[in-house]
Amino acid sequence: LGADSPAWDDLGAMGRDGYPTEFMPGASKFDGGGRTNPITLPMLAPALRQVLAFGPDRTQATLRRHVGKIADAASAAGLVCPPTRALRHFVGIYHPADLAAMAKSNYEGLSMVDAVDKENLPPIMLMNQVHAWLKKAGAYCSLRSGSLRVAPHLYNSDEEIARFCGLLVEATREVERGLVAPRSRI
């Protein structure tokens, strides 16, 4: 897919796990999505020095704080997050109605494509709508297996995290009220 091509999630080619189901043509199907880019090799050593300068413990502490704030905002909005003790650099956020529907349906054979089927409302519809709302508002995260996957970066400021948390709460309320377009952008 080139820069002018639609993203996989816009094509409706995502499987139930949130990854594309279609293979790329030819030998590209075996490359794991990567492309050789030798121009980035000289950047490797300075990048590794920067990672070491940040320090793994400081990096973990910052990301843990960001993820904790996001998980707290999700809980305040009535959403469900698994405990973040094991993976502190990202969080999966579920809507309780989606979880109940997934448990009832055993999540068998459900795909992201099913989420746009208006006749057979699937379990992951609400988080798909929250994701779409956030994307229109300029807040970027992804969908994985019916959850909103939020992975803040080390460079995200506390103000940006607070803004995202506010948008997450607003998006959830708007989607639950049946509104799908955001009123503001980041």
Side-chain angles (χ1 to χ4, degrees), residues 6-20 59-105 107 110-186:
W8 279 107
D9 57 341
D10 295 332
L11 293 174
M14 293 295 210
R16 69 183 182 111
D17 57 359
Y19 293 94
T59 299
Q60 181 69 18
T62 300
L63 293 178
R64 180 183 316 144
R65 189 177 73 248
H66 287 342
V67 167
K69 289 177 183 179
I70 293 166
D72 289 346
S75 295
L79 301 171
V80 178
C81 299
T84 58
R85 288 185 298 276
L87 299 173
R88 296 180 177 134
H89 58 288
F90 73 92
V91 63
I93 303 170
Y94 294 87
H95 194 283
D98 293 349
L99 284 176
M102 283 189 279
K104 185 177 179 183
S105 71
Y107 206 38
L110 183 66
S111 71
M112 296 291 180
V113 177
D114 295 330
V116 296
D117 180 4
K118 302 294 186 206
E119 294 176 27
N120 183 16
L121 290 177
I124 58 173
M125 190 64 166
L126 290 174
M127 287 317 287
N128 271 4
Q129 290 178 5
V130 169
H131 177 256
W133 195 101
L134 288 168
K135 187 175 179 180
K136 286 179 185 172
Y140 297 98
C141 46
S142 61
L143 286 169
R144 294 292 184 269
S145 299
S147 76
L148 192 66
R149 182 185 186 273
V150 183
H153 290 274
L154 188 59
Y155 58 76
N156 289 126
S157 67
D158 289 336
E159 293 78 21
E160 290 170 325
I161 298 299
R163 230 179 342 203
F164 177 82
C165 290
L167 286 171
L168 177 62
V169 171
E170 185 179 358
T172 303
R173 290 189 178 132
E174 297 293 302
V175 165
E176 287 175 342
R177 288 182 20 204
L179 304 174
V180 292
R183 290 185 284 202
S184 63
R185 288 189 63 80
I186 287 183

- Is there side-chain contact between T59 and H89, with heavy atoms separated by less than 4.5 Å? no
- Note on the structure: CG (L168) and CH2 (W133) are apart, to the nearest 0.5 Å, by 9.5 Å
- Note on the structure: Minimal heavy-atom distance between P82 and G92, with the atoms involved, is CD-O, 3.0 Å
- Message: Working to the nearest 0.5 angstrom, can you tell me the gap between L63 CG and H153 NE2?
- Response: 9.5 Å
- Message: I'd like to know if the side chain of H95 reaches the main chain of A97, judged simply by a donor and an acceptor atom lying under 3.5 Å from each other, with no hydrogens or angles considered.
- Response: yes
- Query: Rounded to the nearest 0.5 Å, how far apart are CD1 of I161 and CG of N156?
  - Reply: 4.5 Å
- Taking the side chain as C-beta and beyond, is there a heavy-atom pair between R149 and V91 under 4.5 Å? no
- From OG1 (T172) to CD1 (I93), nearest 0.5 Å: 8.0 Å
- Message: salt bridge (Lys or Arg N to Asp or Glu O under 4.0 Å) for R177 and E174? Distances and angles first, verdict last.
- Response: CA-CA 5 Å; R177 288 182 20 204; E174 297 293 302; 3.3 Å; yes
- Which distance, rounded to the nearest 0.5 Å, do you find between the OG of S147 and the CG of L79? 11.0 Å
- Message: For H66 versus P152, what's the shortest heavy-atom pair and its separation?
- Response: CB-CG, 3.8 Å
- Query: Do the side chain of D98 and the main chain of M127 share a donor and acceptor less than 3.5 angstrom apart?
  - Reply: yes
- Under the 3.5 angstrom rule, does the side chain of H131 hit a backbone N or O of C141 as a donor-acceptor pair? yes
- Query: Hey, what do you get for CG (L99) to CG (L126), rounding to the nearest 0.5 Å?
  - Reply: 11.0 Å
